2 protein chains.
Amino acid sequence: MNSVFRALADGTRRQMLHDLADGERTVSQLAEPFAISLAAASKHIKVLEHAGLLRREVRGRTHFCRLDPGPLASAYEWLGFYERFWTSRLDVLERLLRKEDESRPQPSKQGDDQ
Amino acid sequence: MNSVFRALADGTRRQMLHDLADGERTVSQLAEPFAISLAAASKHIKVLEHAGLLRREVRGRTHFCRLDPGPLASAYEWLGFYERFWTSRLDVLERLLRKEDESRPQPSKQGDDQ
DNA sequence: TCTATATTCAACCACATGGATGAATTAGAG
DNA sequence: CTCTAATTCATCCATGTGGTTGAATATAGA
């Protein structure tokens, strides 16, 4: 779990995952959108691989990567434990009120509700 | 999002969140289960706070912490994008086969499928 | 075989992280 | 006011991270 969340804690790697969601990609293809060296991208890919989020298949001199959703499912499951906290009536009410607050930046007469 | 996943990438902090799921906790209470200094626990709590996962209310000399589920909901939502990958028929089949494989450690005749 | 391509490896650097420890801050309790 | 409790601050340390660069490895192609 540690390595999974750690891997997700970086925008570069999250976008790589997003790219992999469209299908198989080579290391160069994954690196292409970023202004970093291939070696740096290679390290990111290794982090994803170590977290089990990415599987690599070497065909010739090219490394083809594909998404492995297993750890994402585990993370999703872990977070699911807390689902009740953001779907509870109290929390929904609280967020509604906060949203109300944001869309009404004139604190002329706060306290109509609640 | 970075800071949220970063905060979740540590077992100590994940357990703190789990403790907070049972209700309000003080800094000392959150630190108690761990064999680390209060200062170290305080740092963990600050990481959670910075990620927006924890709200702090100072009453007297005691800091009371409670869970803020908002960022967890965001993370959950982010992961939800990939849900189709672990609920697709192909993936379910693949995981079933892998589970079959694990429960049958005699590789006498691999290659029946595929 | 020679060369270009795809990728990793090995150092190196700046900075973040998780921990310890001891002093500082703040506030109840007597 | 003084003592103690709750917490942070400041400093230090070892290790990890994200990045660079240049060399190494391995394969495809002429």
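We name chains A, B, ... by the order of the sequence lines, and we start the count at 1 in each one. A quick note: this is a predicted structure, and the numbers were derived from the prediction, not measured.
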Indicate the ring-plane relationship of F5(A) and W78(A), choosing parallel, tilted or perpendicular according to the 30° and 60° boundaries.
-> perpendicular
Please work out which of the three classes, parallel, tilted or perpendicular, describes the rings of H18(A) and F81(B), given edges at 30° and 60°.
->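 Rings of F81(B) and H18(A): parallel, under 30°.
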Using whole Å, what does the distance between atom [atom2] of nucleotide [N] and atom [atom1] of [X] come to?
{"X": "Q29(B)", "N": "dA5(D)", "atom1": "CD", "atom2": "P", "answer": "16 Å"}
{"X": "I45(A)", "N": "dC9(C)", "atom1": "CD1", "atom2": "C1'", "answer": "15 Å"}
{"X": "K43(A)", "N": "dT20(D)", "atom1": "NZ", "atom2": "P", "answer": "9 Å"}
{"X": "N2(B)", "N": "dT17(D)", "atom1": "CG", "atom2": "C1'", "answer": "13 Å"}
{"X": "E32(B)", "N": "dA6(D)", "atom1": "CD", "atom2": "C1'", "answer": "15 Å"}
{"X": "R14(B)", "N": "dG18(C)", "atom1": "CZ", "atom2": "P", "answer": "12 Å"}
{"X": "H50(B)", "N": "dT17(C)", "atom1": "NE2", "atom2": "C1'", "answer": "14 Å"}
{"X": "F5(A)", "N": "dG16(D)", "atom1": "CZ", "atom2": "C1'", "answer": "20 Å"}

Output the single nucleotide from [options] whose closest atom is nearest the side chain of [X].
{"X": "R13(A)", "options": "dG18(D), dT8(D), dG18(C)", "value": "dG18(D)"}
{"X": "H44(B)", "options": "dG18(C), dT21(C), dT21(D)", "value": "dG18(C)"}
{"X": "D10(B)", "options": "dG18(C), dA11(C), dC9(C)", "value": "dG18(C)"}
{"X": "S42(B)", "options": "dA11(C), dT11(D), dT8(D)", "value": "dT8(D)"}
{"X": "L38(B)", "options": "dT8(D), dA20(C), dG19(D)", "value": "dT8(D)"}
{"X": "I36(B)", "options": "dT8(D), dT20(D), dG19(C)", "value": "dG19(C)"}

I36(B) versus A41(B), closest heavy-atom pair with distance = CD1-N, 3.8 Å
All heavy atoms of V27(B) vs all of C65(B), minimum pair found to be CG2-SG, 4.4 Å
By the 4.0 Å heavy-atom rule, please label [X] as base, sugar-phosphate, or nothing.
{"X": "A9(B)", "result": "nothing"}
{"X": "S37(A)", "result": "base"}
{"X": "A35(B)", "result": "sugar-phosphate"}
{"X": "A40(A)", "result": "base"}

Distance (rounded to the nearest 0.5 Å) between L72(A) CG and F85(B) CZ |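 Going from the CG atom of L72(A) to the CZ atom of F85(B) covers 9.5 Å.
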Looking at dA5(D), does its base get a donor-acceptor pair with the side chain of R61(B) below 3.5 Å?
-> yes
Would you call E57(B) and R59(B) a salt bridge, using N to O less than 4.0 angstrom?
-> yes
Hey, is the side chain of [X] poking within less than 4.0 Å of OP1 or OP2 on [N], counting only N and O atoms?
{"X": "K46(A)", "N": "dC9(C)", "answer": "yes"}
{"X": "H63(B)", "N": "dA6(D)", "answer": "no"}
{"X": "T62(B)", "N": "dA6(D)", "answer": "no"}

